[in-house]
Novice: 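A single structure is presented below for examination.
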Amino acid sequence: MKKFICLWFTFIPVSTWAQTLEELCKQRVDWGETPGIAVAIIEDTKSKFYSFGNSNVEKREPVTSKTLFEIGSITKVFTCSILSYLVQKNELALNDAAQKHLPSSILLPEKNGKSITLLNLASQHSGLARMPGNFSPADQANPYIDYTEKELTAYLNNCELKYEPGTTYEYSNLGMGLLGFILTQEKSKPYSELIKEVVLSPLGMTQTFIGGQMNSKLLATGYRESTSVKAWTWTNQSVLTGAGGIVSNAEDMLKFLNAQLNSEKTTLSAAFQEAHKERSEASSPSMQIGLGWHIRDHKYVWHNGGTGGFRSFIGFDPVKKRGIVILINSITGADDLGFHWLDESIPLKEIKKPMLLEPSVLKEYVGVYEINPTFKIEITSKGSALYLQATAQPQFSLYAEEADKFFLKVVEAKVNFKRGINNQIEKLVLYQNGAELKGKKIN
């Protein structure tokens, strides 16, 4: 299903960016977009933290700047930071064939005589698929922990590239995970030790870990709508850790952001600057990519991340020396908020405040609605909550705009209920991706 993307042009009239950001963050918690949010910003050499909501809804534990969040794919820019650092030390070269740094048991595919380079992996131009075809986790709620070198070898030795390496941008968790694995092979260290040695320790990031490899009560609970989800964990045998395994907080991510802006010279400064350089176009003329980092309109360097119950964003303007980190313990995301803070001409998505309806009213919508003989939508209620579940799909919450009109938060979709004789609900209409699907109530 298509991800919820909409535009919002209503801004809160306050006097400074910081105040505006504070109001917008608070609104996202108050209106139920996310249980909690932590934000760190750098502007005019000054930094500030904002924290709202709960890290655990059931325990009502407040979010703070120390609360740990899964940062998902922002891990990829850490992986590319290691690569860039080793290139600066002349231990690797971006144009090296990736095959050169792999065990002899792994034979990477080629296409049209072209082999995959380290640069191809770092710039998402490897030709590899987004995910390996043999990715079949034993626990869907903790998907990466059991994908090991054995599975990676079996897949790479028998797969075909979609594109000739270096020709086509396609975002690949497999490709970046493979890059992380190559770096561990090169340095003969597990990813957890390598990232600590090269990036975390030099920057004083003592509150950043690999998911599952720490014991901390500060880890937020992730949520998919109102349902808590299991934390993602990784071991030293999990070979795709470099694609999404890091857990961090606003305080440590501010240190990482500050280092990207080169506010303080470190042993990583040159490596970071090289990683920010545009290497090629990424998906559209308005988007470019460096080493891991994406660049919007040749101005804003950024990356986002998502796991089963978390979303994250980091972005900065290297010219104006200002940047932002946003950490959220739900799957709604806040990329729009990050981009809008960097450039107010970039619009915000629409945030809707749900209307509360009595449980007796919600029960009127309960039933099974037939779109066609093989596709039905079941509507259920529990207390003051209404849920939708289509055939062979997960259950999602419905939120009321007004009586008989509802919307979803996890996807861009609306559901309107239609009444007939005696004012009884007779059908629903699902609006999604420009289509209208009508379903007659059959039960």
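It should be emphasised that the depicted structure is a prediction, and the values quoted were computed from it without experimental measurement.
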Novice: Please name the pair of heavy atoms, one in F375 and one in A390, separated by the smallest distance, quoted to 0.1 Å.
Specialist: CZ-CB, 3.6 Å

Novice: Test your reading of the model: is there a side-chain donor-acceptor pair from D146 to the backbone of A138, 3.5 Å cut-off?
Specialist: yes

Novice: Within the side chain of E251, is there an N or O that forms a donor-acceptor pair under 3.5 Å with the backbone of N249?
Specialist: no

Novice: Do N329 and T221 have side-chain N/O donor and acceptor atoms under 3.5 Å apart?
Specialist: no

Novice: Is the shortest side-chain N to carboxylate O distance from E33 to K349 below 4.0 Å?
Specialist: yes

Novice: Is the centre of the Y431 ring less than 6.0 Å from the centre of the F407 ring?
Specialist: no

Novice: Charged N to carboxylate O under 4.0 angstrom, E401 versus K352?
Specialist: yes

Novice: How about E58: does its CD atom have over 12 heavy atoms from other parts shown lying under 6.0 Å from it?
Specialist: yes

Novice: Taking Y191 as the fixed residue, which of T241, T79, T184, T75 is the one that meets the side-chain hydrogen bond (donor to acceptor under 3.5 Å, both in side chains) rule?
Specialist: T79

Novice: Over 60° means perpendicular and under 30° means parallel, so classify the ring planes of W293 and F316, tilted if in between.
Specialist: perpendicular

Novice: Ignoring hydrogens, what is the shortest heavy-atom contact between V63 and G36? Give both atom names and the distance.
Specialist: CG2-CA, 3.8 Å

Novice: Under a 3.5 Å threshold, yes or no: a donor from one side chain and an acceptor from the other, between E151 and T148?
Specialist: yes

Novice: Working to the nearest 0.5 Å, report the span between CG of L174 and CZ of F181.
Specialist: 12.0 Å

Novice: Between R279 and E274, does any side-chain N to carboxylate O distance fall below 4.0 Å?
Specialist: yes

Novice: Short question: side chain of K321, backbone of T45 - any donor-acceptor pair under 3.5 Å?
Specialist: no

Novice: Under the ring pair (Phe, Tyr, Trp, His ring centres under 6.0 Å) test against H294, which residue among F339, F313, Y300, Y169 passes?
Specialist: Y169

Novice: Determine yes or no for a side-chain-to-main-chain donor-acceptor pair under 3.5 angstrom, with Q260 supplying the side chain and F272 the backbone.
Specialist: no

Novice: Could I get the full list of side chain to side chain donor-acceptor pair (under 3.5 Å) partners for E197, not counting sequence neighbours?
Specialist: K189

Novice: Would you say D343's side chain and S345's backbone share a donor-acceptor pair under 3.5 angstrom?
Specialist: yes

Novice: With a 4.5 Å cut-off on side-chain heavy atoms, are I371 and I377 touching?
Specialist: yes

Novice: Got more than 12 heavy atoms from elsewhere within 6.0 Å of CG, L356?
Specialist: no

Novice: For the residue pair K59 / N54, report whether a side-chain donor-acceptor contact shorter than 3.5 Å exists.
Specialist: no

Novice: Working to the nearest 0.5 angstrom, can you tell me the gap between Y85 OH and L194 CG?
Specialist: 10.5 Å

Novice: Honestly, is K409 close enough over Y399, meaning NZ or CZ under 6.0 Å from the six-membered ring centre and within 45° of the axis?
Specialist: yes

Novice: Looking at S84 and S81, would you say the former's side chain and the latter's main chain have a donor-acceptor pair under 3.5 Å?
Specialist: no

Novice: Taking all atoms of both residues into account, what is the closest heavy-atom pair of P35 and S330, and its distance?
Specialist: CD-CB, 3.6 Å

Novice: Report the distance from atom OH of Y223 to atom CD1 of I331, rounding to the nearest 0.5 Å.
Specialist: 13.5 Å

Novice: Parallel under 30°, tilted from 30 to 60°, perpendicular over 60°: which one fits the rings of Y50 and F52?
Specialist: parallel

Novice: Nearest heavy-atom pair of A403 and Y365: which atoms, and what distance?
Specialist: C-OH, 3.9 Å

Novice: Looking at every heavy atom in both L268 and V199, which two are closest together, and how far apart are they?
Specialist: CD1-CA, 3.9 Å

Novice: Look only at the side chain of E225 and the backbone of S397, and say whether a donor-acceptor pair between them is shorter than 3.5 Å.
Specialist: yes

Novice: Under a 4.0 Å N-O cut-off, is there an ion pair linking K440 with E370?
Specialist: no

Novice: Between D336 and R28, is there a salt bridge with N-O shorter than 4.0 Å?
Specialist: yes

Novice: Does a salt bridge link R130 with E170, judged by any charged N lying under 4.0 Å from a carboxylate O?
Specialist: no

Novice: Between R419 and E364, is there a side-chain N and carboxylate O pair less than 4.0 Å apart?
Specialist: yes

Novice: Quick check: does any side chain N or O of E426 sit under 3.5 Å from a backbone N or O of N423, one acting as donor and the other as acceptor?
Specialist: no

Novice: Under the side chain to side chain contact (heavy atoms under 4.5 Å, CB included) rule, what do K66 and F49 come out as? Steps first, then yes or no, please.
Specialist: CA-CA 10 Å; K66 294 184 180 296; F49 298 104; over 6 Å; no

Novice: Might you confirm whether atom CG of N215 has over 12 heavy atoms from other residues, nucleotides or ligands at distances under 6.0 Å?
Specialist: no

Novice: For the pair F78 and F256, evaluate ring-ring contact (aromatic ring centres under 6.0 Å, His included) and give the outcome as yes or no after the intermediate values.
Specialist: CA-CA 9 Å; F78 283 81; F256 186 65; 4.0 Å; yes

Novice: Check for a donor-acceptor pair, side chain of H340 on one end and backbone N or O of P347 on the other, with a separation under 3.5 Å.
Specialist: no

Novice: From the options V361, N416, I425, select the one residue that forms a side-chain contact (heavy atoms from CB on, under 4.5 Å) with D404.
Specialist: I425

Novice: Check each of I210, I145, V247 against T233 using the side-chain contact (heavy atoms from CB on, under 4.5 Å) test, and report the only one that passes.
Specialist: I145

Novice: Check this for me: does any side-chain nitrogen of one of D139 and K230 sit under 4.0 Å from a carboxylate oxygen of the other?
Specialist: yes

Novice: Once rounded to the nearest 0.5 Å, what's the spacing between atom CG of L291 and atom NE2 of H276?
Specialist: 9.5 Å

Novice: Quick one: pull up CZ in R311 and OG in S73 and give me the separation to the nearest 0.5 Å.
Specialist: 9.5 Å

Novice: Would you confirm whether N56, through its side chain, and E61, through its main-chain N or O, come within 3.5 Å as a donor-acceptor pair?
Specialist: no

Novice: Can you tell me how far apart CE (M253) and CD1 (I326) are? Round to the nearest 0.5 Å.
Specialist: 11.5 Å

Novice: Could you tell me which non-hydrogen atom of A122 sits nearest to which non-hydrogen atom of M176, and how far apart they are?
Specialist: O-CE, 3.8 Å

Novice: Give a yes or no on whether K376 atom NZ has more than 12 heavy-atom contacts from other residues, nucleotides or ligands under 6.0 Å away.
Specialist: yes

